[in-house]
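First up is the structure itself, then whatever we jot down about it.
Atoms within a ligand are numbered from 1 in the order they appear, just like the ligands themselves. Computed from a predicted model, the values in this text were never measured in an experiment.
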Amino acid sequence: MNFRSDNEAPVNEHIMKALIEANQGFEESYGYDKYSVQFKAQCQDLFQCWVEALPLTTGTAANSIAMALSCPPYGAIYCHEGAHINADECGAPEMFTSGAKLIPIAGNHGKIDIDVLRAKLAGSGVHGEHEVMPAVISLTQCTEAGTVYTLEELNAFKALKEEFGLALHMDGARFANALVSLGCSAAEMTWQSGIDMLSFGATKNGAMMAESLLVFNPKYKSQILRHRKRSGHLISKMRYVSSQLCAYLTDDLWLQLANDANQQALFFYENCEGQIEFIHPVDANEVFCRLPVKKIVQLKQQGFEFHVWPGSNDIIRLVFSHATQPQAVQRLIQSINEI
Ligand SMILES: Cc1ncc(COP(=O)(O)O)c(C=O)c1O
């Protein structure tokens with residue numbers, strides 16, 4: 001009964017079928033295959049705007065290429081202190097940008113505190129050439145705390161980006177979960193909210209090593225492809241990533257899978273609310289809650305797998321995915337309610 005990570009979930013059967021179908025005969029390489037062309041067209045249709053779409057195999061690559069595209073070596077990238085780019089990418093954004101500086105910003109529930117960020121930006125520049133130049137704000141949607149920025153919150157960042165002349169990036173490793181949570185359009189949650197680049201994940205929501213970087217701002221057009229190649233991420237047999245992404249977007253599969261995951265998390269929350277402490281609001285498919293240490297040990301003995309959150313001994317993270325079994329959730333609820 002795995003609640004450890006959506007990275008551990010199997011590949012969805014429709015995506016696997018698409019992958020097998022794509023494995024017929026010869027196909028053009030380096031992104032000129034029919035699936036890569038189709039994926040780009042599907043993205044333009046979905047987002048209703050100009051999009052450059054780069055199929056990739058990891059979210060770290062998507063985030064790092066986005067940073068390289070929008071931030072000079074002497075630039076500053078502002079992100080939440082718990083952001084994947086800051087905490088979990090081993091300095092890749094810094095390396096890809098040839099040394100840009102990540103500036104971690106505090107904030108409750110995984111969201112950047114916009115007032116703290118505003119103060120940082122307002123105070124920048126006093127040391128002139130001695131300090132890095134503000135360049136990018138990176139938001140994670142869903143956040144690492146499982147929460148989702150509202151459209152109103154996103155638009156406040158858009159205003160800040162415009163005021164300070166910055167680029168706005170979204171790490172959407174769990175973009176689908178956030179989108180079904182807000183119930184808005186993909187365009188509203190991205191370029192209409194000022195997002196220039198989106199790391200668009202699919203791996204956690206049913207695909208196999210299929211991520212992508214979507215660029216909405218045409219000002220980067222002439223540099224995108226070379227940044228990809230230079231970083232070693234121009235995949236020769238791209239059809240195997242792109243065919244998955246095409247299937248993912250076809251017939252709203254991606255939204256159904258994310259909705260299944262979110263609904264299970266919500267069901268868990270509704271059935272344990274009042275019984276245990278929830279650390280963050282449950283907006284999508286990840287739940288952080290506090291349990292007695294004895295109960296944590298007992299749950300593990302009963303075969304439930306999850307992470308005890310680093311830095312604590314009584315906060316656990318439960319991740320619900322498209323493949324989470326409703327019976328496993330029922331059993332977890334039952335076991336927790338026996339406290
Ligand atoms: C918020 C977030 N961004 C990006 C990633 C992408 O990571 P990876 O490079 O392992 O695909 C992850 C994976 O866990 C993540 O949770």
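- Considering both main-chain and side-chain atoms, E89 never comes within under 3.5 Å of ligand 1 through any nitrogen or oxygen pair.
- The protein non-hydrogen atom at the shortest distance from atom 1 (C) of ligand 1 is E144 OE2, 3.3 Å.
- H84 CD2, 3.3 Å is the protein heavy atom nearest to atom 15 (C) of ligand 1.
- For D88, no heavy-atom contact with ligand 1 is shorter than 4.0 Å.
- Counting heavy atoms closer than 4.0 Å to ligand 1, residue T60 contributes atoms from both its backbone and its side chain.
- The nearest protein atom to atom 3 (N) of ligand 1, hydrogens excluded, is given as D171 OD2, 2.7 Å; this is a heavy-atom distance.
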Decide yes or no on ring-ring contact (aromatic ring centres under 6.0 Å, His included) for F157 and Y149, but give the supporting numbers first.
-> CA-CA 10 Å; F157 285 100; Y149 287 99; 5.7 Å; yes
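- Interface of N7 with ligand 1, defined as ligand atoms under 4.0 Å from a residue heavy atom, comprises 14 (O).
- Below 3.5 Å of separation, one finds no N or O of A61 facing any N or O of ligand 1.
- The backbone N or O of C289 lies less than 3.5 Å from no partner atom in the side chain of E277, so there is not a single donor-acceptor pair.
- The main-chain N or O of S335 is found under 3.5 Å from a side-chain atom of K295 such that the two form a donor-acceptor pair.
- Here T58 has heavy atoms under 4.0 Å from ligand 1 in both its backbone and its side chain.
- The closest approach between E211 and ligand 1 stays at or above 4.0 Å for every heavy atom of the residue.
- For the atom pair OG1 (T60) and NE2 (H84), the distance works out to 5.0 Å, reported to the nearest 0.5 Å.
- W309 has its ring centre less than 6.0 Å from the ring centre of F288.
- Here's the thing with T140: none of its N/O atoms is less than 3.5 angstrom from an N/O atom of ligand 1.
- Remark: minimum distance from atom 11 (O) of ligand 1 to any protein heavy atom is reached at G59 N, 2.9 Å.
- More than 12 non-hydrogen atoms from other residues, nucleotides or ligands lie less than 6.0 angstrom from OH of Y220.
- Note: F47 and F200 have perpendicular aromatic rings, judged against thresholds of 30 and 60 degrees for the angle between ring planes.
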